[in-house]
Number of protein chains: 2
Amino acid sequence: MTEMLKGTLEGIVLALLALGPAYGYEITARLRDQGFADIAEGTVYALLVRIEQRGLVDVEKVPSEKGPPRKVFTLNAQGREALDEFWSSWGFLADRLAHLKEGPRS
Amino acid sequence: MTEMLKGTLEGIVLALLALGPAYGYEITARLRDQGFADIAEGTVYALLVRIEQRGLVDVEKVPSEKGPPRKVFTLNAQGREALDEFWSSWGFLADRLAHLKEGPRS
DNA sequence: TACCACTAGATAGTAACACTGAGTACTGGA
DNA sequence: TCCAGTACTCAGTGTTACTATCTAGTGGTA
């Protein structure tokens with residue numbers, strides 16, 4: 001399972017960010033709500049650093065009433081493009097897998 | 001895309017083997033037929049070594065009319081169990097992703 | 001004969017990614 | 001004072017697919 005997430009988790013986070021800006025801790029919480037209960041915080045933050053460095057998100061520091069300032073991530077144009085590519089790849093894979101699961105004609 | 005295959009490719013190969021015994025070269029060809037055009041031969045052989053070492057397949061050497069002897073892989077009980085687990089994990093992931101793609105209620 | 005294409009498999013080294021585990025920093029309540 | 005919750009960071013690890021190269025056997029062809 002953990003291996004299956006590779007590459008996919010990034011797409012999932014991009015999809016979450018497409019719904020609106022969010023900060024790391026919040027994204028982790030949303031992932032848990034979505035059923036991904038056992039994804040480590042460290043994993044999410046590392047992923048966010050990656051997509052920031054690749055320029056897929058805009059970042060803004062926002063002070064928090066509780067705890068250290070939040071790093072709010074907003075999906076930008078490049079990020080939306082990456083998300084589209086992700087959905088395309090995912091669609092291909094899901095389609096192939098669906099064929100394999102029942103009746104592999106062709 | 002190549003990252004998204006991690007973990008998934010193993011399941012795909014197990015699913016192919018569930019259709020009947022096959023050897024490496026044949027599996028590579030089948031993958032290409034299935035649309036996975038750019039999967040390197042070396043990748044498939046390495047994967048087959050892994051699933052053999054984990055005891056998911058039975059192996060038999062069969063002489064070939066053309067070229068060196070073939071290593072024919074047959075999915076065994078443990079392999080079928082692993083395949084079931086794979087479909088279960090895949091089902092979960094595909095379900096979550098489908099929710100995310102359109103209308104993320106919950 | 002010499003060479004090439006096809007079949008068939010093995011292997012060493014690399015990059016990407018998620019995980020573990022620990023740490024820093026700030027707030028408010030018991 | 002200590003702990004729980006919020007919020008982020010970082011070093012080190014294991015798995016996996018990729019690239020590139022190599023060995024080996026058969027048959028066809030220049």
Side-chain angles (χ1 to χ4, degrees), chain A residues 1-14 21-33 36-54 56-57 59-73 82 85-86 89-90 93 96, chain B residues 1-14 21-33 36-54 56-57 59-73 82 85-86 89-90 93 96:
Chain A
M1 175 80 237
T2 145
E3 283 305 324
M4 255 174 54
L5 276 178
K6 292 200 177 174
T8 311
L9 186 56
E10 181 179 307
I12 293 171
V13 169
L14 289 178
Y23 53 96
Y25 196 81
E26 194 183 359
I27 290 170
T28 308
R30 281 203 208 164
L31 283 172
R32 295 199 198 287
D33 289 346
F36 301 99
D38 45 1
I39 290 180
E41 271 190 73
T43 298
V44 176
Y45 286 112
L47 194 158
L48 289 171
V49 167
R50 280 201 298 274
I51 67 177
E52 181 187 352
Q53 284 177 343
R54 269 192 259 158
L56 307 184
V57 286
V59 182
E60 196 187 357
K61 278 242 174 183
V62 176
S64 164
E65 322 86 45
K66 295 201 164 189
R70 296 164 173 168
K71 251 177 106 173
V72 175
F73 297 87
E85 270 176 49
F86 167 73
S89 295
W90 172 262
L93 196 58
R96 290 298 100 204
Chain B
M1 176 79 235
T2 143
E3 284 302 325
M4 255 173 55
L5 275 177
K6 293 198 177 176
T8 311
L9 186 58
E10 180 178 309
I12 293 171
V13 169
L14 289 178
Y23 54 97
Y25 196 80
E26 191 184 2
I27 289 170
T28 306
R30 282 202 208 166
L31 283 172
R32 296 200 198 287
D33 289 346
F36 301 99
D38 47 1
I39 291 180
E41 273 189 70
T43 299
V44 176
Y45 286 113
L47 193 158
L48 288 171
V49 166
R50 281 201 299 275
I51 65 177
E52 180 187 353
Q53 282 175 344
R54 268 192 260 156
L56 308 184
V57 286
V59 183
E60 196 188 356
K61 278 248 174 179
V62 176
S64 163
E65 323 85 46
K66 294 201 164 190
R70 296 165 174 169
K71 251 178 104 172
V72 175
F73 297 87
E85 269 176 50
F86 167 74
S89 295
W90 172 261
L93 196 58
R96 289 298 100 204

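Heavy-atom basis, side chains included; hydrogens, waters and symmetry copies ignored.
Contact annotation: A/Arg50 side-chain N/O to D/dT9 OP1/OP2 distance is not under 4.0 Å. Dashed line: the shortest gap from a side-chain N or O of B/Tyr25 to OP1 or OP2 of C/dG9 is not under 4.0 Å. Close to C/dT7, at under 4.0 Å from its OP1 or OP2, lies no side-chain N or O of B/Ser64.
Between the CG atom of A/Leu93 and the P atom of D/dA17 there is a distance of 12 Å, given to the nearest Å. Here the C1' atom of nucleotide D/dA7 and the CD atom of A/Glu60 are 16 Å apart, to the nearest Å. At whole-Å resolution of the value, CG in A/Asp38 and P in C/dT20 are 8 Å apart. A/Tyr23 places its OH atom 21 Å from the P atom of C/dA25, with the value rounded to the nearest Å. When the C1' atom of D/dT26 is taken as reference, atom CZ of B/Arg70 falls 12 Å away, rounded to whole Å. The CG atom of B/Leu48 sits 14 Å away from the C1' atom of D/dT16 (whole-angstrom rounding). In this structure, A/Leu31 places its CG atom 15 Å from P of D/dA7, rounding to the nearest Å. Atom NZ of A/Lys61 is separated from atom C1' of D/dT9 by 10 Å (rounded to the nearest Å).
Annotation: the span from A/Asp33 atom CG to A/Glu26 atom CD amounts to 10.5 Å, rounded to 0.5 Å. Here the CE atom belonging to A/Met4 is positioned 4.5 Å from the CG atom belonging to B/Leu93, to the nearest 0.5 angstrom. Of the inter-residue distances, the one linking A/Phe86 atom CZ with B/Met1 atom CE reads 10.0 Å to the nearest 0.5 angstrom.
Using a 4.0 Å heavy-atom criterion, one finds that A/Glu41 contacts the bases of the nucleic acid, with or without backbone contacts as well. Contacts of B/Leu9 with the nucleic acid, taken as non-hydrogen atoms under 4.0 Å apart, involve only primed sugar atoms and P, OP1 or OP2. Among the heavy atoms of the strands lying under 4.0 Å from B/Lys66 are primed sugar atoms or P, OP1, OP2 only; no base atom is included. Nucleic acid contact class of A/Thr2 (heavy atoms, under 4.0 Å, all strands): sugar-phosphate only.
The salt bridge (Lys or Arg N to Asp or Glu O under 4.0 Å) test applied to B/Glu41 returns no partner, not counting sequence neighbours.
Ionic pairing of A/Glu52 and A/Lys71 is present here: one or more N-O contacts between side-chain nitrogen and carboxylate oxygen are shorter than 4.0 angstrom.
Residues A/Glu10 and A/Pro68 both approach DNA chain C. Their nearest nucleotides, taken by heavy-atom distance, put A/Glu10 toward the 5′ side. Remark on DNA chain C: of its neighbouring residues A/Gly42 and A/Thr8, the 5'-side contact belongs to A/Thr8, judged by nearest-heavy-atom nucleotide. In this structure, A/Thr43 and B/Gly67 both approach DNA chain D, and ranking their closest nucleotides by distance from the 5' end singles out A/Thr43.
Two residues are said to be in side-chain contact when any heavy atoms from C-beta on lie closer than 4.5 Å; A/Phe36 and A/Leu9 fail this criterion.
Taking all atoms of both residues into account, the shortest heavy-atom contact from A/Val44 to A/Gly24 is CG1-O, 4.2 Å. The heavy-atom pair separating B/Arg30 from B/Pro21 by the smallest distance is NH2-O, 3.9 Å.
For D/dA7, its base never sits under 3.5 Å from the side chain of A/Lys71 at any donor and acceptor pair. Between the base of D/dT15 and the side chain of A/Lys6 there is a donor-acceptor pair shorter than 3.5 Å.
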Base-pair map of DNA chain D as dot-bracket, where | denotes pairing with a different strand and pairs are Watson-Crick or G-U under 3.5 Å | ||||||||||||||||||||||||||||||

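Distance from the side chain of A/Tyr45 is smallest to D/dA7 among C/dA8, D/dT19, D/dA7. Checked against C/dT7, C/dA18, D/dT16, the side chain of A/Glu3 finds its nearest nucleotide in D/dT16.
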